[in-house]
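The analysis underlying the following values was restricted to heavy atoms, covering all of them including side chains, and did not include hydrogens, waters or symmetry mates.
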Amino acid sequence: MTYTFGLDTFGDRISENGEAVSHAQTIRDVVEQGVYAEQVGLDFFGIGEHHTEDFPMPAADLALAAIAARTSRIHVGSAVTVLSSDDPVRVFQRFSTLNAISNGRAEVVLGRGSSIESFPLFGYDLSDYEELSEEKTELFAEIMKGGRVTWSGRMRPALQDQEIVPYLDRPMPVWVGVGGSPHSVIRAARYGFNLMLAIIGGQPARFAPFSELFRQALDKFGQPARPIGVHSPGHVGVTDEQAREEFWPAYREVIAKLGPSRGFPPPTRELFEREVGPRGALYVGSPETVADKIARNLPILGATKFDMKHGMPGMTQQSLLKSIELFGTMVVPRVREQLSTPAAVPTTR
Amino acid sequence: MKTRIAVIGAGHVGPVVARLAARAGYETAIATSANPEEIALIIEVLAPGARPVSVRDAIGSADLVILAIPLHRFGEIDPDQLAGKVVLDMMNYWPDVNGYLAGFDQSPLSSSELVARRLAGSRVVKTLNHLGYHQIDEEARPAGDPGRRALGVAGDDAGAVEMVAKLVDDIGFDPVLVGALSAGRMLEPDGPVFGRPLSRAEFEGSLAAVAA
């Protein structure tokens, strides 16, 4: 069983001395995070597309290219690419270019994300979300086959025998990010894409039936087995106490800000402690706490990839770099050790 | 005879509610606008015990129809098909997530009152809208459990409210009757109980504090 461990960011705006740094500085800081992630031994660095003041990261693929140019081993990918409000042709072109630049280290995670600001920005109607998602995933899968593409649908102009370059010379994994829609699980299986479970609140174990659904759906569509990954927020400190105190103020602010429009309950310390605890979705704590939680949850979910979404708007670059270091040098080795003991080896079918 | 249930919608929410209803012993059907075969696998894995059928079959044999769809798909529901049924409306108006909806935007009425106006032949009850779908799954507890969460139930028809309150209780929550459908505004996104895990006493306290 090969496990991979990485970090995701949404370009969360960095603060220094209590003041938010510029958007441009945040992007430069994110690139440094990605380069550092390779230095501490991580397998993956992902950047999620966002278009807001607090998450100034609309062109994540450019930042990924910068990281790719300064690294040699780490995989770089989206987390997620909002395909529904993008053009599948351009998404393929940008990521196949990234795959070329990086010598086959690019990965694409398709999804909606929990942010939907790209819809009004690019002139899409949110109520068309399902159809946009269905059609554009279908077209993307068609393009991924390589060769000339003929396609027609309702949400994008038709393609007649078009060449879509650059062709891939190395594999480029495609994942479908799923936050709770069983239809997205089925869609991933139908096209033979990998499954990325985005678990940002509540008990991770409740996603286990989604993994089962994915395996059964792959069978049904005659697709070979595909990896399952987990994306969850977290932050590592030297002690549990330190990690929580660094993360909580920024988390509270983000949840309070987004809550009214997203339906999150008002953030309370009690709810936070529950999420940070053994049955919650947040991986915030000392290296031991975080590692033990990852090692416990991956087998339950049948997953072999864990990407910790690190950072929150308002956190400092210094605390994020320290978290990256602890994640790479202490958390991951401990998780690998626990997962390699026979009792912890996940059962697969 | 136990209430027969039809869940409309098999997205985030539908399979969760269908599983809990089936587990509580209700005869439960689930349907989407798609062919039932397309959701068969989803239901088999996520909501064992519920039957995937067509919308027509699901509603036809049901006493209680649960609308577990996003509000922007509500326009696709045929009010005539729901005539005579008790309808559990667990939808919310979420412009930031699902886009703006004419008629619902800036309305002084609750979204359920607007739903009830369109479903003039049905008895509409509002509940299960003020907690996340994963909380429905995770926080269900047997009656008497000290950690049991309270859910508000609002409706204009006493018999319909009773039927829905019984379901809420049977699937693992403490039903708190908050009054007529218009009082259901208190259960909506800007209200005092939305998203908050409250016991019955805390729930009643929150509502009383607002009324005071």
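For B:I39, the part sitting under 4.5 Å from any heavy atom of chain A is the side chain, from C-beta outward, and nothing else. Looking at A:E270, there are no atoms closer than 4.5 Å to chain B (heavy atoms on both sides), in backbone or side chain. In this structure, no portion of B:E38 lies under 4.5 Å from any heavy atom of chain A. Only the side chain of B:Y133 comes within contact range of chain A, with at least one heavy atom under 4.5 Å from a heavy atom of that chain.
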(request) For the pair A:F210 and B:L46, evaluate side-chain contact (heavy atoms from CB on, under 4.5 Å) and give the outcome as yes or no after the intermediate values. (result) CA-CA 8 Å; A:F210 280 61; B:L46 301 184; 4.3 Å; yes
(request) Show your reasoning for whether side-chain contact (heavy atoms from CB on, under 4.5 Å) applies to B:I42 and A:H183. (result) CA-CA 8 Å; B:I42 291 174; A:H183 299 289; 3.8 Å; yes
(request) Quick one: do B:R73 and A:E131 satisfy salt bridge (Lys or Arg N to Asp or Glu O under 4.0 Å)? Show the steps, please. (result) CA-CA 12 Å; B:R73 305 292 297 273; A:E131 193 172 1; over 6 Å; no
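Summarising the geometry, atom CD belonging to A:Q203 is positioned 10.0 Å from atom NE2 belonging to B:H134; distances are rounded to the nearest 0.5 Å. To the nearest 0.5 angstrom, B:L41 atom CG is 5.0 Å from A:L213 atom CG.
More than 12 heavy atoms of other residues, nucleotides or ligands shown are found within 6.0 angstrom of CG on B:D105. Atom CZ of A:R154 sits in a sparse spot, with 12 or fewer heavy atoms from other residues, nucleotides or ligands closer than 6.0 Å. For B:R118, the CZ atom counts as densely surrounded, since its 6.0 Å shell holds more than 12 non-hydrogen atoms of other residues, nucleotides or ligands. Counting non-hydrogen atoms of other residues, nucleotides and ligands closer than 6.0 Å to CD of B:Q106 gives a total of 12 or fewer. Residue B:R141 qualifies as enclosed at atom CZ: its count of foreign heavy atoms under 6.0 Å is above 12. Residue B:Q81 qualifies as enclosed at atom CD: its count of foreign heavy atoms under 6.0 Å is above 12.
Shortest non-hydrogen contact noted between B:P197 and A:L271 is CG-CD2, 3.9 Å. Contact detail for B:F194 and A:P266: the closest heavy-atom pair is O-CD, 4.3 Å. Minimum interatomic distance between B:A10 and A:P182 (heavy atoms only, all atoms of both residues): O-CG, 3.4 Å.
Between B:E37 and A:K220, no side-chain nitrogen of the basic residue sits less than 4.0 Å from a carboxylate oxygen of the acidic one, so the salt-bridge criterion is not met.
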